[in-house]
Amino acid sequence: MATTPANKPSAYYKEPGPKLDKESPFESMMERFRFAADLLQLDEGMFQYLASPFKQVIVSVPVVMDNGKIKVFEGYRVIHDNVLGPSKGGVRFAPDVNLEEVKALASWMTWKCAVVNVPFGGAKGGVRCNPKELSKAELERLTRRYTANLLEVFGPDRDIPAPDMNTDEQVMAWIMDTYSMNSQRTETAVVTGKPIILGGSLGRKEATGRGVVTVTLAALSKMGIMPNKTSVVVQGFGNVGSVSAELMYEQGAKIIAISDISGGYVNTDGIDIPGAIAYMNNNNRSLEGYPDADPISNEEILELECDVLIPAAKEDQISRHNAHNIKAKIISEGANGPVTANADAILEENGVLVIPDILANAGGVTVSYFEWVQDRQGYFWTEERVNRRLNRMMRSAFDNLYKVSDQHKITMRQAAYVYAINRVAETLKLRGIYA
Ligand code: NAD
């Protein structure tokens, strides 16, 4: 595959420079966006439209701290796009949150929703704060004031927040309650990732890992590899990594290495995953000292001989520095942005099938969509129904992208961007530009 598509003058495509590996996953994403825009021959106006966020809001969030003093935090909400439907995306609380990051993550959500055919646009929000330094009462006041300042932005038909870094079910419950108090009715569908008792969905917690496994099994089947003849390495053993490992294990795969922040653990005879999860749960959520495997570093684990590698920890793990050493046949991106743009071409050259993050980990947003649907119906599905529908949507998204990739002779990642951008652009053409 050539790195520039269709041998034509490139309007948007920029050769990824060596600087990329040090840059944000978003810049890697933008490289891929430009490539797809070029392949689709998007006209410049459409490109500008899709590259510009629809709405960016910055709010001051004053909070009376436990000591009686007022402290003012800065909060953000960016709606990248709402062409396909109300916008959807998490809210993060972290000391380094800023508008640029939130803008980037919002557009990422647009492509992710479009890839799995979820009728949502993309958004993201955040408050610049250090949640570790806040008491629970301060966190609640911060969350409620942030929500109150965004009452005109949020709404079940407008913009629907969800958990992200350092925000959880409790934070979602406060957002939902604040919004509901102000609209004088209970509006469960205004957020997803809520506690089950407040209208959350069964299966949401496991959804991302479950989706990773659905697309991994689909890729294995395309390669004619039986799940029970598959060796798997999983980097990161949190929500996404541990569920992916467990479900692959249930399929009969041999999980030869796992890791978390404490380091990696390898056993080529196969790791007993339910045992490793039990060990972690009894060990303060850490794999440190896991006895039934040999220690290995988080860098080495990526280069092990295996069929499937699931990076499920953090961004920028596979770059042009180590991409040459990857021996896996399939990389299934559980994490967001674990492979940099510069590594893409190396992996492609070496015949590694990369299932891109905007497909592989889209199970989470898919079940968030199910949660929103159930809240609006006021009728709740069994876990079995949630899982079955999740499986169907992930499988169908995989098949769509596989077809696009085959048709244009491009990678699955390029296909994901081409498919998503085309879907949003086609919808926008039908809707037209309101004047
Ligand atoms: P988590 O906090 O539950 O787990 C993260 C895991 O990675 C932990 O085991 C942690 O110890 C490990 N880790 C952290 N730093 C590491 C390092 N340097 N090397 C190796 N391991 C390290 O988080 P999660 O929810 O499982 O999310 C993991 C990734 O998946 C993130 O990139 C996240 O954005 C992405 N993701 C998560 C969801 C979801 O629904 N949870 C959805 C989409 C994408």
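Just so you know, ligand 1 is whichever comes first in the structure, and atom 1 is the first atom listed for that ligand. For the single chain, residues carry numbers from 1 onward in sequence order. Computed from heavy atoms alone, side chains included, the values below leave out hydrogens, waters and symmetry copies.
- Scanning all protein heavy atoms for the shortest distance to atom 11 (O) of ligand 1 gives I261 N, 2.9 Å.
- Counting heavy atoms closer than 4.0 Å to ligand 1, residue R204 contributes side-chain atoms (C-beta onward) but none from N, CA, C or O.
- In this structure E169 satisfies the side chain to side chain contact (heavy atoms under 4.5 Å, CB included) test together with P195, K205, sequence neighbours excluded.
- In this structure, the side chain of N322 engages the main chain of S319 through a donor-acceptor pair within 3.5 Å.
- For atom 30 (O) of ligand 1, the nearest protein heavy atom is under 4.0 Å away.
- Of all the atoms in ligand 1, the ones that sit under 4.0 Å from a non-hydrogen atom of A335 are 29 (C), 30 (O), 32 (O), 35 (C).
- Between the N149 side chain and the S60 main chain, a donor and an acceptor come within less than 3.5 Å of each other.
- Closest to atom 39 (C) of ligand 1 among all protein heavy atoms lies T208 OG1, 3.4 Å.
- Exactly one residue among R204, E371, K88 makes a side chain to side chain donor-acceptor pair (under 3.5 Å) with T192. That residue is K88.
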Derivation of the side chain to side chain donor-acceptor pair (under 3.5 Å) call for N336 and N361 | CA-CA 8 Å; N336 283 319; N361 69 34; 2.9 Å; yes
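- Scanning all protein heavy atoms for the shortest distance to atom 17 (C) of ligand 1 gives K314 CD, 3.8 Å.
- Rounded to the nearest 0.5 angstrom, K222 NZ and M412 CE are separated by 9.0 Å.
- If you look at N336 next to ligand 1, the close heavy atoms, those under 4.0 Å, come from the backbone and the side chain alike.
- Heavy atoms only, all atoms of each residue included: K327 and E305 are closest at CD-OE1, 3.7 Å.
- The nearest protein heavy atom to atom 23 (O) of ligand 1 is not closer than 4.0 Å.
- Considering A360, G238, P163 only, the shortest heavy-atom separation from atom 6 (C) of ligand 1 involves G238.
- Crowding of D96 atom CG: a count of heavy atoms from other residues, nucleotides or ligands under 6.0 Å exceeding 12.
- Ranking protein heavy atoms by distance to atom 25 (O) of ligand 1, first place goes to N239 CB, 3.7 Å.
- Residue-ligand proximity: G364 is placed with every non-hydrogen atom at 4.0 Å or more from ligand 1.
- Checked by distance only, ligand 1 and F237 come closer than 3.5 Å through their nitrogen or oxygen atoms.
- Residue A312 touches ligand 1 through its backbone alone, judged by heavy-atom distances below 4.0 Å.
- Partner of V115 under the side chain to side chain contact (heavy atoms under 4.5 Å, CB included) criterion, out of N400, D357, I358: I358 alone.
- Close approach of ligand 1 to A313 is summarised as follows: ligand atoms under 4.0 Å from at least one heavy atom of the residue are 7 (O), 13 (N), 20 (C), 21 (N), 22 (C), 28 (C), 29 (C), 31 (C), 32 (O).
- Comparing I301, N298, I358, D316 against atom 19 (N) of ligand 1, the shortest heavy-atom distance belongs to N298.
- Near V240, the atoms of ligand 1 lying under 4.0 angstrom from a non-hydrogen atom of the residue are 24 (P), 26 (O), 27 (O), 30 (O), 37 (C), 38 (C), 39 (C), 41 (N).
- The distance from atom CD1 of I318 to atom CD1 of I331, rounded to the nearest 0.5 Å, is 4.0 Å.
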